[in-house]
Amino acid sequence: MRYFVSLVQNEWMKANSKRQVPYFYAFIAVITLIVAAAMRFFIFKSDPYPYMAFVSDVNFLFSSLIGIFIMVVAAQIVTDEYRDGTIKQLLIRPASRTTVLTSKMVTVVLILLSVYVFTVICSVVIGMIFFSFMSADVTLASILKDIVFRIPDVMFYALLAMTAAVLTRSLGLAITVPIVIKSVVGAGMIFFSGKPWYKYLIFPNLNWQPYFNGGDNLPFKEASIGFSVTIYAVYMIVLLGLSLIIFNKRDVQ
C-alpha cells in the first residue's frame, strides 16, 4: 500500500511538473476574475447580485471545460510515457503493470477533485469581493451537490479516454474518441429513447440527479438509481478490465 501511495505521489508530481494542471488553475482564476468584473461593472452595474449566484454561474460555466480537461489529463498520463520513452523505466519497478495503471487512474480522480475544489474556492472568494452578500436561490450545499452528480459522467469519459490511450498510444485519438462519443453519439441516442434497449446504454445512466429530485425527468420509463448505478458499474468495469488486459499484455519497445 505504501508503494502504491508513492506511485500516486509520483504521478501527481509529474502532472504538476508539466504545468498542465497549474496552468488550468490559472486559467480558471483569470476567467473567473474577468467574468466577475464584466458582470459587476457592466451587467449588474446598478443592481445587487448575490455572490452565491455568481458561484453557481461560474461552476456551471466551467462544467464542460473541466470534463474536457480531465479527458486530456487521462489520455496524456498514459501517452506521455510512450512519447517520452519513460514507460520502460516505469515498468521495471517492482510494482505490477496493474498497479502502475491503477495509480494513474487514481491520480486522475485526485486531479478532478482538486480542480473542483479550486474552482469552488476561487469563485467564492472572487464572488465575495465583487458581489453582494444578499440571499440567493442557490446555496453552497446545492452547488456542491450538483458537482457530485457531475462526477460519474466526467469519470466515465475520463476512463474512456485512458482506455483509448492504452489501446492506441495516440494522444489525438485518445482525446477525440470520448469527445466524439459524448457530443455526437451520446447526444444522438436521445432519438432512440423509445427503444427497449435504450436503457442498457451508458448515456441515459450517467445523470443520477433526477433520482434525488423527486423523480422528475427520469431518463427512461421505470428508471431507478439501482439500475443506473449497476449499468454504470458494468461499463466502468469493462473499460477498466480492457485497459488492464491490454496494458499487461502489450510489449514495450
Side-chain angles (χ1 to χ4, degrees), residues 12 15-16 18-77 106-161 175 178-179 181-183 186-187 203 206-214 216-217 219:
W12 177 271
N16 283 276
K18 294 176 182 178
R19 305 297 181 187
Q20 114 189 75
V21 176
Y23 283 161
F24 192 67
Y25 289 155
F27 171 77
I28 290 173
V30 170
I31 296 300
T32 301
L33 187 60
I34 292 173
V35 170
M39 292 177 67
R40 175 64 180 82
F41 297 111
F42 296 98
I43 300 177
F44 298 101
K45 185 175 181 180
S46 56
D47 299 324
Y49 192 69
Y51 83 93
M52 196 53 67
F54 171 76
V55 174
S56 178
D57 294 339
V58 168
N59 280 272
F60 177 77
L61 172 67
F62 283 115
S63 59
S64 295
L65 290 176
I66 291 174
I68 294 173
F69 173 72
I70 295 301
M71 289 182 206
V72 174
V73 170
Q76 200 167 16
I77 204 170
V106 171
T107 304
V108 171
V109 174
L110 294 178
I111 291 174
L112 171 61
L113 295 178
S114 72
V115 169
Y116 276 137
V117 170
F118 180 84
T119 304
V120 171
I121 293 175
C122 183
S123 58
V124 167
V125 171
I126 294 178
M128 293 174 70
I129 294 173
F130 281 86
F131 300 103
S132 167
F133 283 80
M134 63 186 294
S135 60
D137 294 334
V138 293
T139 63
L140 184 59
S142 65
I143 294 170
L144 294 177
K145 180 181 176 182
D146 288 341
I147 290 174
V148 169
F149 282 125
R150 292 189 200 119
I151 292 177
D153 181 274
V154 175
M155 284 311 305
F156 169 75
Y157 289 107
L159 182 55
L160 182 61
I175 296 173
I179 290 178
I181 290 178
K182 181 179 178 66
S183 59
F203 309 108
L206 289 173
N207 182 14
W208 302 345
Q209 194 162 9
Y211 302 119
F212 298 89
N213 290 342
D216 297 329
N217 300 316

### Message
If you compare all heavy atoms of Val58 against all heavy atoms of Thr119, which two are closest, and at what distance to 0.1 Å?
### Response
CG1-CG2, 4.4 Å
### Task
Scan Leu113, Val108, Val115 and name whichever one has a side chain to side chain contact (heavy atoms under 4.5 Å, CB included) with Ile111.
Val115
### Query
How about Tyr157 and Leu206: do any of their side-chain heavy atoms sit closer than 4.5 Å?
yes
### Query
Does Ser114 have any side chain to side chain donor-acceptor pair (under 3.5 Å) partners at least two apart in sequence or in another chain, and if so, which?
Tyr25
### Task
Go through the structure and list residues passing side chain to side chain contact (heavy atoms under 4.5 Å, CB included) with Ser142, not counting sequence neighbours.
Val138, Thr139
### Task
Taking all non-hydrogen atoms of both residues into account, name the closest pair between Met52 and Ala136 and its distance.
CB-CB, 4.3 Å
### Query
Given side chains that start at C-beta, do those of Phe27 and Phe62 come closer than 4.5 Å, heavy atoms only?
yes
### Task
Output, in order, the C-alpha distance, side-chain angles, deciding distance and verdict of side chain to side chain contact (heavy atoms under 4.5 Å, CB included) for Phe69 and Gln20.
CA-CA 9 Å; Phe69 173 72; Gln20 114 189 75; 4.2 Å; yes
### Summary
For Phe41, the side chain to side chain contact (heavy atoms under 4.5 Å, CB included) test, sequence neighbours excluded, returns Ala37, Phe130
### Task
List for me each residue that meets side chain to side chain donor-acceptor pair (under 3.5 Å) alongside Asp146, sequence neighbours excluded, and say none if there are none.
Gln209
### Query
Got a sec, which residues hit ring pair (Phe, Tyr, Trp, His ring centres under 6.0 Å) with Trp12, two or more places apart in sequence or on another chain?
none
### Phe131: partners by ring pair (Phe, Tyr, Trp, His ring centres under 6.0 Å), with sequence neighbours left out
Tyr49, Phe54
